[in-house]
Amino acid sequence: MTPNPDKYLFPTLSDWKSSEGGMSRRKFFKLMGAGAATYILFTDVFVSTAATADDKFEFPDKDLISSWIHISDAGKITVFTGKVEIGQNIRTSLSQVVAEELSVAPQEIKMIMGDTSLTPYDRGTYGSLTTLQISPILRLAAANLKGILLEEAETVFGVATSQLQLKDGKVLDVGSAKSVDFGALLSGKKVLRKINKDVSTIAPAKWKVAGQSISKINGKDFINGSHKYVSDMVLPNMVYGKILRAPAYGAKLLHVETTNAEKIPGVMLVRDGDFIGLVADSPGKAAMALAAIDCTWGEGALVERAELFEHLIKTSKEGKSKSKSLEDSYEGASLKINQRFEIDYIAHVPLETRAAIAHWKDGEVEVWAGTQRPFGLHEDLAKEFGLPLNKIRVHVPDTGSGYGGKQSSDVGIEAAKLSKKAGRPVKVCWTREEEFKWAYFRPAGVIEVKASVNQGKINTWEFHNYNSGAAGIDFPYSGAQEHLEYHRSSSPLRQGSYRALSSTANIFAIESIVNDLARDLKYDPLQFRIAHLEKPRLIDVIKAGAEAFSWGKEKSQAETGFGMACGTVKGGFVATFVEVKVESESRKLNVRRVVTAFECGVIINPRHLKSQVVGCVLQGLGGALFEAVDFKDAKLTNPGLTSYRVPRFSDVPEMKVILLNREDLPSSGAGEAPIVCIAPALRNAIQDACGVKLYKLPMLPSGVVPDHT
């Protein structure tokens with residue numbers, strides 16, 4: 001009797017032991033219903049994590065079909081990728097591209113994601129790389145597999161492959177109407193194949209499954225609550241962990257007394273140097289024990305927020321000297337702008353806070369974690385505990401968002417430390433306050449721009465970013481002498497990746513200054529941009545967005561303003577148009593309309609691409625208008641949603657998304673690029689409405705538009 005695959009959604013290490021010792025894909029495929037000699041499987045080349053005598057560890061070979069796709073004797077299709085699902089819906093879109101090549105319904109594909117014992121190595125789910133990198137690989141692997149199926153069916157039916165077609169998990173002989181299941185065709189075969197990169201995939205113009213707005217494949221599980229996030233999971237004999245954390249950044253532990261905590265029945269203390277944690281049989285008891293610890297801390301050391309921006313400039317490394325030609329051109333220009341921008345730290349605020357479960361058994365550790373980098377956690381666990389990689393397994397269940405903020409291994413290592421001592425599975429879930437205080441932030445920064453115009457054309461462009469980052473720093477407009485430079489600085493707060501990285505700051509500065517130049521010259525901001533652009537794809541989204549927005553129409557009220565911005569990052573091209581109203585007396589801002597035009601190549605799922613664009617714009621509203629991390633005396637002063645303002649339902653404007661489908665171009669990712677233009681478009685609309693020019697992010701931390709620049 002074939003085991004039920006659903007039983008093995010979260011199998012333990014012992015479930016996957018092969019007869020040779022160690023974990024293997026071989027065991028997995030047997031559990032999934034494969035025979036003893038499946039067509040593209042049972043050779044040592046395909047054993048992903050078999051432990052050899054010297055503990056050599058190898059991930060699946062990315063050149064092999066079986067590393068990506070497997071068909072069982074029963075005809076079940078399983079697809080493997082090291083990428084993870086964190087709300088961007090790649091589980092659905094990747095299933096669509098495979099289903100297209102194999103002529104099956106996407107729902108018939110089981111996709112294994114982010115499992116370090118089963119999937120090919122992957123650096124992480126970030127940078128809008130999944131659609132760009134993995135979609136073509138899976139299309140090609142599926143197309144290769146299609147060719148193999150046709151070859152086998154050619155032998156069975158004795159007809160040319162041109163007379164055969166794939167349909168619903170079968171190969172059909174069109175002439176005789178006879179068919180044979182995928183599983184039956186491949187059963188008992190031992191042929192080993194590498195991916196032939198010259199095999200043709202189905203052209204987007206002929207897509208029937210890809211390119212369609214199908215629903216989220218496992219969406220019902222999220223609606224009815226059957227999907228288990230890590231924070232929902234419960235393993236047998238599991239306990240709950242809490243970590244003692246400093247009250248301020250940089251504070252050192254001077255004295256600790258844990259007697260009262262350890263007296264609580266069922267509580268165990270775990271100490272490793274300054275790492276102090278507790279486990280208990282309930283989250284409440286663990287929290288109570290943590291509160292019972294008496295400790296003394298030294299004072300933390302942190303630059304005050306009021307000194308932040310000067311600190312970033314002061315601690316930056318000196319850059320290269322710019323050319324004298326650029327300086328001379330700037331000085332001789334008819335119009336000059338010299339402006340500084342200040343960018344605050346902001347938090348990711350994921351829907352699901354960091355969570356992990358760790359379980360040690362027989363000297364091996366298994367971790368379930370909500371992380372964007374399962375293989376990074378895999379490696380960090382190996383370093384932390386001195387284990388070979390084949391003694392560690394990391395799973396990532398579909399996770400409650402990340403926005404670039406879940407690339408660190410903190411919570412997985414914390415859970416593993418506690419579990420090793422407790423000898424039982426331990427779950428660690430960060431509180432919302434811990435998520436704010438001890439995760440990392442989008443970098444703060446200072447941006448200095450000097451720009452000039454001669455004879456109506458941009459003449460010089462000098463751009464310096466301090467600390468925020470170099471992403472999006474490229475100047476998209478033509479004709480100017482340029483000097484672009486990123487200066488690393490010493491950051492007082494822990495900082496890291498954020499949706500679109502520093503593009504949100506750099507494009508805010510670029511599009512604000514370009515808009516100022518246009519208005520100072522009394523040019524239409526849209527026409528000024530197009531006159532300086534040589535990027536057809538960027539021009540196309542500007543024109544599409546302008547038409548949908550009705551750019552140039554008469555304003556309905558004097559207090560109304562129109563603004564726009566455009567940009568290109570990570571293979572996406574975006575233009576955003578905004579209508580605002582600034583109340584003359586209260587100075588309250590009302591964001592009335594947002595139109596975003598977006599193009600990222602051929603579209604795999606229009607419905608979910610639109611959702612990505614909308615999500616980006618709404619998240620971008622927060623960073624544009626009010627999100628900022630505040631700190632004083634080495635402590636975060638707004639570590640919660642009552643004090644840290646994020647967009648609310650009342651902030652949502654009327655929204656329209658225009659998608660440009662380029663069937664002649666490969667797909668790029670869309671999880672980041674659409675966020676970069678909402679802040680400058682808002683800023684430019686505010687300027688149009690009341691003449692106030694804003695040069696800080698967030699622009700309106702007090703909630704009202706100032707009455708002067």
Side-chain angles (χ1 to χ4, degrees), residues 86-88 222 225 229-232 240 242-243 245-249 283-284 286-287 290-291 302 305 343-356 370-372 399-408 410-411 427-444 493-500 504 588-589 591 611 614-653 655 671 675 678-679 682 696-704:
I86 48 176
Q88 75 281 48
F222 294 86
Y229 295 94
V230 175
S231 49
D232 298 321
Y240 300 84
K242 284 290 185 181
I243 312 299
R245 305 192 193 278
Y249 295 113
L290 185 66
L302 183 68
R305 189 183 180 197
I343 315 297
D344 266 305
Y345 294 105
I346 63 175
H348 296 84
V349 200
L351 299 177
E352 181 187 20
T353 62
R354 281 161 174 73
T371 176
Q372 293 176 239
T399 294
S401 73
Y403 315 124
K406 290 182 177 175
Q407 296 189 38
S408 58
D410 312 59
V411 69
K427 181 197 285 188
V428 176
C429 294
W430 283 19
T431 64
R432 181 59 65 184
E433 183 174 339
E434 285 177 307
E435 182 71 38
F436 270 106
K437 286 184 174 180
W438 302 107
Y440 53 86
F441 304 106
R442 185 194 73 179
L493 296 183
R494 187 183 182 192
Q495 60 184 24
S497 296
Y498 184 87
R499 201 172 197 170
T504 51
K588 180 181 178 181
L589 177 71
V591 183
S611 295
V614 169
C616 277
V617 171
L618 292 180
Q619 184 174 17
L621 282 172
L625 296 176
F626 32 72
E627 285 190 53
V629 172
D630 204 1
F631 51 94
K632 183 177 178 59
D633 298 330
K635 297 179 181 179
L636 204 67
T637 59
N638 58 340
L641 290 171
T642 56
S643 53
Y644 184 94
R645 174 87 154 85
V646 296
R648 302 165 183 159
F649 285 113
S650 59
D651 297 313
V652 178
M655 297 186 68
I675 198 175
I678 181 64
L682 275 168
K696 294 183 178 182
L697 288 180
M699 291 182 280
L700 307 179
S702 64
V704 297

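Since the model is a prediction, treat every value here as computed from it, not as a measurement.
Under a 3.5 Å cut-off, the side chain of Thr637 and the backbone N or O of Lys632 do not form any donor-acceptor pair. Remark: side-chain polar atoms of Arg442 are paired, donor with acceptor, to backbone N or O of Asp344 under 3.5 angstrom. In this structure, Gln372 contributes its side chain and Lys406 its backbone to a donor-acceptor pair below 3.5 Å. Using a distance-only test at 3.5 Å, with no hydrogens or angles considered, no donor-acceptor pair links the side chain of Asp651 to the main chain of Gly622. Judged by distance alone, with hydrogens and angles left aside, the side-chain atoms of His348 form a donor-acceptor pair with the main-chain N or O of Ser497 at under 3.5 Å. A distance-only check finds a donor-acceptor pair linking the side chain of Asn638 to the backbone of Asp630 [under 3.5 Å]. Remark: the backbone N or O of Gln495 is not paired with any side-chain donor or acceptor of Tyr345 at under 3.5 angstrom. Side chain of Arg494 to main chain of Trp438: a donor-acceptor pair is present (N/O by atom type, distance under 3.5 Å, no hydrogens or angles).
The two residues Leu302 and Tyr249 make their nearest non-hydrogen contact at CD2-CD1, 3.9 Å. Between Arg645 and Phe626, the shortest heavy-atom contact is CG-CD1, 3.2 Å. Annotation for Met655 and Val652: closest pair SD-CG1, 4.5 Å, computed over non-hydrogen atoms. Smallest separation of non-hydrogen atoms from Ser408 and Tyr440: OG-CE2, 3.9 Å. Across Met699 and Ala679, no two heavy atoms sit closer than the pair CE-O, 3.5 Å. Contact record, Lys242 with Ala287: CG-N, 4.0 Å, taken as the closest heavy-atom pair.
Looking only at side-chain heavy atoms (C-beta outward), Leu621 and Leu682 come within less than 4.5 Å of each other. In this structure, Thr431 and Thr353 have side chains that are not in contact, with every pair of non-hydrogen atoms separated by 4.5 Å or more. Within the 4.5 Å cutoff, the side chain of Leu641 has heavy atoms near those of the Val349 side chain. The shortest side-chain heavy-atom distance between Ile675 and Tyr403 does not fall under the 4.5 Å cut-off. In this structure, the side chains of Leu351 and Ser401 come closer than 4.5 Å at one or more pairs of heavy atoms. For the pair Ser231 and Thr399, the minimum side-chain heavy-atom distance is 4.5 Å or more. Here the side chains of Cys429 and Glu352 are not in contact, with every heavy-atom distance at 4.5 Å or above.
With sequence neighbours left out, the salt bridge (Lys or Arg N to Asp or Glu O under 4.0 Å) criterion links Lys437 to Glu433. When the side-chain contact (heavy atoms from CB on, under 4.5 Å) test is applied to Lys588, the partners found at least two apart in sequence or on another chain are Glu583, Ser586. Residues passing the ring-ring contact (aromatic ring centres under 6.0 Å, His included) test with Tyr644 are Phe436, sequence neighbours excluded.
Ile346 contributes atom CD1, which lies 8.0 Å from atom CG of Leu697 (distance to the nearest 0.5 angstrom). Atom OG1 of Thr504 is separated from atom CD of Gln619 by 9.5 Å, given to the nearest 0.5 angstrom. Taking CG of Leu625 as the reference point, atom CG of Leu700 lies at 5.5 Å (rounded to 0.5 Å).
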